[in-house]
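Attaching a single structure in structure tokens format; questions to follow.
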Amino acid sequence: MLDGSALWYLSRATGVVTVVLFTVVFCLGVITAGRRRPQGHAATIVMGVHRWLSLGMLVFLAVHIITAIVDGYVSISWLAVVLPFVSDYQPLLVGLGTLAVDLLIVVMVTSYLRHRIPERIWRGLHWVSYAMWLVAIVHGFMMGTADQPGLRLTTLACGVIGGAAVVWRTIVTHADRDRRELINAQEWS
Amino acid sequence: MTELAQLLEDAGLTGRGGAAFPTAIKIRAAIEKRARLIVNVCDGELGAAKDGWIVEHHLDELLDGVRLVAGISPHTRFAAHRGSATAARLAAAGLPVLETPDRYVSSEETSLISLAHGGQARPMTKRTPFVYGGRDPQGRRVKPTVVLNAETLWRISQINQHGAQWFRSFGTQAEPGPRLVAIGGYVARPGVYESAAGTPLAEVIALAGGMTQDVRHLGIGGLGGIVMTAAEARYAIWDTPGMKIYGGSIGPGIITIWNPAEDPVDTVNRMLNYGAAESAGQCGPCMFGLPALAEDWRRYVDLPSGTSARRLTDRVALLNGRGACAHPMGVARFATSALRVLEPELTGRAVGRRYLEGATRG
Amino acid sequence: MASSLDVAKIAVDRVRCTGHGICAQTLPDSITLDEWGYPIVTDDQADPDEAKLAVKLCPARALYLR
């Protein structure tokens, strides 16, 4: 049995890995949404990794959450896994992590059911990913222990990379979308 | 109600909007699903006029047909272009008008269904026929809805009154019944006339005064149809097999005699540009393919050659069956017929131009 | 004759398709792309497992089985 401080370090480590994997999944999703012309197999790889890595990430997230609760080093209740801002320890910052988990559940469930629910519902709820990612980054950065600058820098780098992806998506032009928007603006009803 | 479907099957009535789908099958599904009825009175194709003509001259019989199929319920709608004389006539008669924007693809049946459900008058993908209900592109539920052309409903009333045998005394075995035809353009008396499949095309055109000697080209079926030469028209038969020889069909019943004073190449140019501008901007192959087709036609006209002709035919092949509606396919069909009919003339012009250039240089 | 279980019939919802091109990469024997990246279905019969994967991977949810 691992003692409390080992679990605490495991929780830190898996937390950072989750942030890194999440940022990769997030960026691949942003790239798919704003992509240019299809080239080679890139689009398929991007989409495949986006889907499968999002599942792989769950393993690290689960370890991160469980170890944070059972280590006994700080007091976080099981309720705090799903109910934000009820943790005894750092209620606000732990709560942000909880919020990200709640949003993640929404996004994962709707994506799992995607072929059975109306497209606009999936699409609308998938936008939540942007908020979820930001909340997770803030949670990771603010809770990265001060004596572990490496973890903090990693989270910061993820924030910069993800932010750059979002900026890229807002400035990138795409012929399909442009033409659709142009004609959609005409009188059709 | 099922008796009506049987009667229509015996009569062999097909949809008069252009697609010529057996009406009995549609009616059976509509009754089974309690589908809402949209009467298409848009005359949406270029040169179309018969739907408005029915409202003007045979509204009572049209309404009788509507009653037979669905009853005049609050859900029954009469689709007509906003601001048109037909819309005004329908409104004056106290009928519920589905005001449709005056866009080429807006009178397509799935566009009307979308509009009736509060959406835009743009075509929807038919994964299954909407008479069974379905979903719009955003995934919203679409109630079972059937769209029938005004002439189809008028014929239903007539068949109910006079019987299937009477109906079959017109037309051919394969395409029975009287059918309206709108004859327009360079004729003495443009208008809507009664015709029947199997009649010589020249006889049909004679109803409107006939083709004068100087006529060189005419269109059958508007933008979704074909162009043919006057010489061909003098021997052609007005039915689907007869029109198929030239790549067309009897379609929505439109004959347009092209004015010989106008350059047919310009007419084709204008129509292809119109077709490109009327894309609903929903399907990639249409919203990019139709402008590219118009551009390929201009290039071909500028320099007719095997290469530029092949570009055009390759483009046409990429428009077939790659849209939610038949618009790209219809324009492709029109361009194919234009290429066939105008090729000799354009090649001649190119030779003439080279000759003239040679002469000025010499 | 192959039974209907051996092949899947693929179709593209043209309104939804925005030209990601993933279907052509996943089903190269059935789909090629035009100059704008929109799919050209050259053969609508495909291996069911590959077709199902392609349907899952389509970001626009435009590819479907009939």
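Just so it is clear: chains get the letters A, B, ... in the order the sequence lines come, proteins before strands, and each one is counted from 1.
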I need the residue from A:Arg177, A:His50, A:Glu119 with the largest number of non-hydrogen atom pairs under 4.5 Å to chain C. A:Glu119
In short, A:Thr32 meets C:His20 closest at the heavy-atom pair O-CE1, 3.0 Å
Counting only non-hydrogen atoms closer than 4.5 Å, does C:Ala60 touch chain A with its backbone (N, CA, C, O), its side chain (CB onward), both, or neither?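 When you check distances to chain A, only backbone atoms of C:Ala60 fall under 4.5 Å.
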I need the A:Ile45 CD1 to C:Leu57 CG distance, nearest 0.5 Å.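 Answer for the CD1-CG pair, A:Ile45 versus C:Leu57, is 11.5 Å.
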Find the one option among C:Leu53, C:Thr26, C:Val55 whose heavy-atom pairs under 4.5 Å with chain A are most numerous.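 Most heavy-atom pairs within the cutoff with chain A belong to C:Val55.
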A:Arg180 and C:Thr18, any side-chain heavy atoms less than 4.5 Å apart: yes
Is any side-chain heavy atom of C:Tyr38 closer than 4.5 Å to one of A:Asp176? yes
Please round to the nearest 0.5 Å and tell me the distance separating atom CE of A:Met47 and atom CD of C:Gln25.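 Nearest 0.5 Å value for the CE-CD distance: 12.5 Å.
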Which residues in residues 78-115 of chain A have any heavy atom lying under 4.5 Å from a heavy atom of chain C?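 Residues of residues 78-115 of chain A touching chain C at under 4.5 Å: A:Arg114, A:His115.
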Please classify the contact of C:Cys58 with chain A as side chain, backbone, both or neither, using a heavy-atom distance under 4.5 Å. backbone
Which atom names give the shortest non-hydrogen contact between A:Arg51 and C:Lys56, and what distance separates them? NH1-O, 3.0 Å
Salt bridge (charged side-chain N to carboxylate O under 4.0 Å, His left out) involving C:Arg16 - partner list, sequence neighbours excluded: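 Partners of C:Arg16 by the salt bridge (charged side-chain N to carboxylate O under 4.0 Å, His left out) criterion come out as none, since no residue qualifies.
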